[in-house]
Amino acid sequence: MARHLITSALPYINGIKHLGNMVGSMLPADVYSRYLRQRGHDVLYICATDEHGTPAELAAKEQGLPVDVFCAQAHDAQKAVYDGFALAFDYFGRSSSQQNREITQHFARKLNENGFIEERAIRQVYSPADGRFLPDRYVEGTCPHCGYDKARGDQCENCTRVLDPTDLINPRSAISGSTDLEVRETKHLFLLQSKLENEVREWVAKHDKDWPQLASSIAHKWLTEGLHDRAITRDLDWGVPVPADTWPELAAEGKVFYVWFDAPIEYIGATKEWADQNPENRDWKSWWYEAEDVRYTEFMAKDNVPFHTVMFPATELGIREPWKMVDYVKAFNWLTYYGGKFSTSQKRGVFTDQALEILPADYWRYFLIANAPESDDSSFTWEHFTATVNKDLADTLGNFVNRVLSFSRKRFGDAVPEGGTPGEAETRLGEQIAELLAEYEGHMETLQFRKAAAALRALWSAGNSYLEEKAPWLEIKTDKDAAALTLRTAMNLIHLYAVVSEPLIPATAKAMREAFALTDDTAAWVTAAEAKSLSFVPAGTAFTVPPVLFAKLTEEDLAAYKERFGGDEG
């Protein structure tokens, strides 16, 4: 089996992220990683906080902290939230690590040796009020393309167009707010993407038939517009420094690499961080260097796609070393909040720490995956969230588990009941479950998350349909063995649900699995034959009734959520 390397977009260090950020990268990557592990694959899931650039400096300034202290605290705060969401990273690193610094500087040196970096004098925005050059994100103004009046100097958050600070209309300093800005000459390093354009174009073309349309269309849009040489250094105090052995003048001036140059390299850096923690048992380089047996999948929202399908590939191609390049880019559209964009900077929408204050992670994990913005944008509303929780989680899955186990304990005691021989209904059920399981697996293999959630929901529904057909509450009145068979079969469904639901709702899956006292329960997945036979939990096995898996949300809950977060157009 191939080894699977999985990465998700690096969350910026400047604050806790919203649900749109979660569903657009880290959560689906976690679901896929969990699924692959259960199927027996060797998986490495890597992520990290993106700590360089102006967002970190501005956020630290706002809190009155040194930037390194701010980043350390913010990293721990973000990691705590991701732990709360049960994201099973193999390693969650930091782009400010020494490992990333060393590898980023190595990449820059190799690009320079190969003729793909050039030092150029450019005219850059300078703020006399601040006494410094202003990097792109330190300049704010009106986007010339869409008119958004809070656009940053590197990219418009509204229309996603990449910008230069001098493109902005009515620019102002993000530090002091001063509009008294000048343009002065300074020197920076440029990555000569124009010289690598044809190589990038050929590389992207190889993936046209494999990548989702969203990812390939964005890559081709950039290539159609042409790759331009891009400055990869900035005037900041915080970042990977330009190496003095290669560019002594720029190093003396304190230049650091642009965050979008070093951030993708942090995937490699974080893998080395992971390995350095246990060097005797972990080989980081085999995952990235001459790694022909590795399948590399990236997860990200559409605003990150250009950097990972065009810009970073250009960097890797220009190094002329056999570093692993991405095989599959799973791109997502936006999750909106009542039609408006979730926004970290504008604090609009539900943020991940707030979500965990309201309800346990599995509620959010299931809803987000079931409504993942894959083919187009999807909207979060409290009405939709409440309806999904009540119908799918509380009624379809939770009620099934509670009905079966509670009724069986009441009539047969605390052990799986004996009696009865499987008949036509059980044969039909087994075939149906095997078919639905194959459908679920197919969608997971192809990273179709909404369809996978729908197939999982169909598996849960099949159990309810079987229970209604057999009606053990009626069977027990005339045929106790028949009722025992029905309940035993339903208990085996609960165990099956526990195994196959784990990628989406791991805490609930654990609770369902632990309901049965199986001493040798080592099942990682369910085969088609096992699905048809439904014989994981033999008669006589002790069981307990777990607490309510999912509480139904009331009209009062809905009203409280809307009062706290709002329910109008964003």
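Computation of the quantities below employed the complete heavy-atom set of this structure, encompassing side-chain atoms and omitting hydrogens, waters and symmetry-equivalent molecules. Everything quoted here is computed from the prediction, not taken from an experiment.
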> Can you check side chain to side chain donor-acceptor pair (under 3.5 Å) on Ser33 and Asp30, steps first, answer last?
Replying inline: CA-CA 5 Å; Ser33 298; Asp30 177 73; 5.9 Å; no
For a quick check under 3.5 Å, do [X] and [Y] share a side-chain donor-acceptor pair by atom type?
X: Thr49; Y: Glu51; answer: yes
X: Ser97; Y: Glu273; answer: yes
X: Glu374; Y: Asn333; answer: no
X: Ser375; Y: Arg450; answer: no
X: Ser501; Y: Trp460; answer: yes
X: Gln98; Y: Glu102; answer: yes
X: His495; Y: Asp521; answer: yes
X: Asp229; Y: Ser194; answer: yes
X: Tyr35; Y: Glu502; answer: no
X: Tyr366; Y: Thr508; answer: no
X: Glu530; Y: Trp525; answer: no

> Within 45 degrees of the axis of the six-membered ring of Trp334 and under 6.0 Å from its centre: does Lys341 put its NZ or CZ there?
Replying inline: yes
> When you look at Lys272 and Asp283, which way does the salt bridge (charged side-chain N to carboxylate O under 4.0 Å, His left out) test go after all the steps?
Replying inline: CA-CA 8 Å; Lys272 191 172 190 301; Asp283 175 17; over 6 Å; no
Going by an N to O cut-off under 4.0 Å, is there a salt bridge joining [X] and [Y]?
X: Asp327; Y: Arg295; answer: no
X: Asp262; Y: Arg101; answer: no
X: Lys302; Y: Asp377; answer: yes
X: Lys451; Y: Glu439; answer: no
X: Asp235; Y: Lys255; answer: yes
X: Arg282; Y: Asp276; answer: no
X: Glu57; Y: Lys61; answer: no

Please check this pair: side chain of [X] against backbone of [Y], looking for a donor-acceptor N/O pair closer than 3.5 Å.
X: Lys330; Y: Leu447; result: yes
X: Thr160; Y: Cys156; result: no
X: Gln78; Y: Ile16; result: no
X: Tyr440; Y: Val500; result: yes
X: Ser378; Y: Asn371; result: yes
X: Thr7; Y: Glu298; result: no
X: Arg234; Y: His188; result: no
X: Tyr363; Y: Ala355; result: no
X: Asn100; Y: Gly269; result: no
X: Asn304; Y: Met300; result: no

Any heavy-atom pair between the side chains of [Y] and [X] that's under 4.5 Å?
X: Leu223; Y: Leu227; answer: yes
X: Leu44; Y: Asp90; answer: yes
X: Ile232; Y: Trp260; answer: no

> Does the pair Arg230 and Met311 meet the rule for a side-chain contact (heavy atoms from CB on, under 4.5 Å), with working shown?
Replying inline: CA-CA 9 Å; Arg230 190 169 179 85; Met311 289 180 60; 3.4 Å; yes
If you take the centroid of each ring, where Trp contributes its six-membered ring, are [Y] and [X] closer together than 6.0 Å?
X: Phe92; Y: Tyr82; value: yes
X: Trp274; Y: Trp288; value: no
X: Trp364; Y: Phe385; value: yes

>> Heavy-atom count check: over 12 atoms from other residues, nucleotides or ligands less than 6.0 Å from Glu357 CD?
In response: yes
> Would Arg39 and Glu441 count as a salt bridge (charged side-chain N to carboxylate O under 4.0 Å, His left out) if you check the C-alpha gap in whole Å, the side-chain angles of each, and the deciding distance to 0.1 Å?
Replying inline: CA-CA 10 Å; Arg39 300 307 306 272; Glu441 292 170 349; 3.6 Å; yes
>> Within this structure, what is the SG-CG distance for the pair Cys159 and Asp303, rounded to the nearest 0.5 Å?
In response: 12.0 Å
> Aromatic rings Phe107 and Phe312: how do their planes relate, parallel, tilted or perpendicular, breaks at 30° and 60°?
Replying inline: parallel
> Relative to the ring of Tyr289, is the ring of Trp323 parallel (under 30°), tilted (30 to 60°) or perpendicular (over 60°)?
Replying inline: perpendicular
> Considering residues at least two apart in sequence or located in another chain, which fulfil the side-chain contact (heavy atoms from CB on, under 4.5 Å) criterion with Lys110?
Replying inline: His106, Glu113, Ile319, Glu321
>> Looking at every heavy atom in both Pro11 and Cys47, which two are closest together, and how far apart are they?
In response: CD-SG, 3.8 Å
> Do you know which two heavy atoms are closest between Leu335 and Phe380, and how far apart they sit?
Replying inline: CD1-N, 3.9 Å
>> salt bridge (charged side-chain N to carboxylate O under 4.0 Å, His left out), that's the test. Do Glu202 and Lys206 meet it? Break it down for me.
In response: CA-CA 7 Å; Glu202 291 175 3; Lys206 293 178 182 178; over 6 Å; no
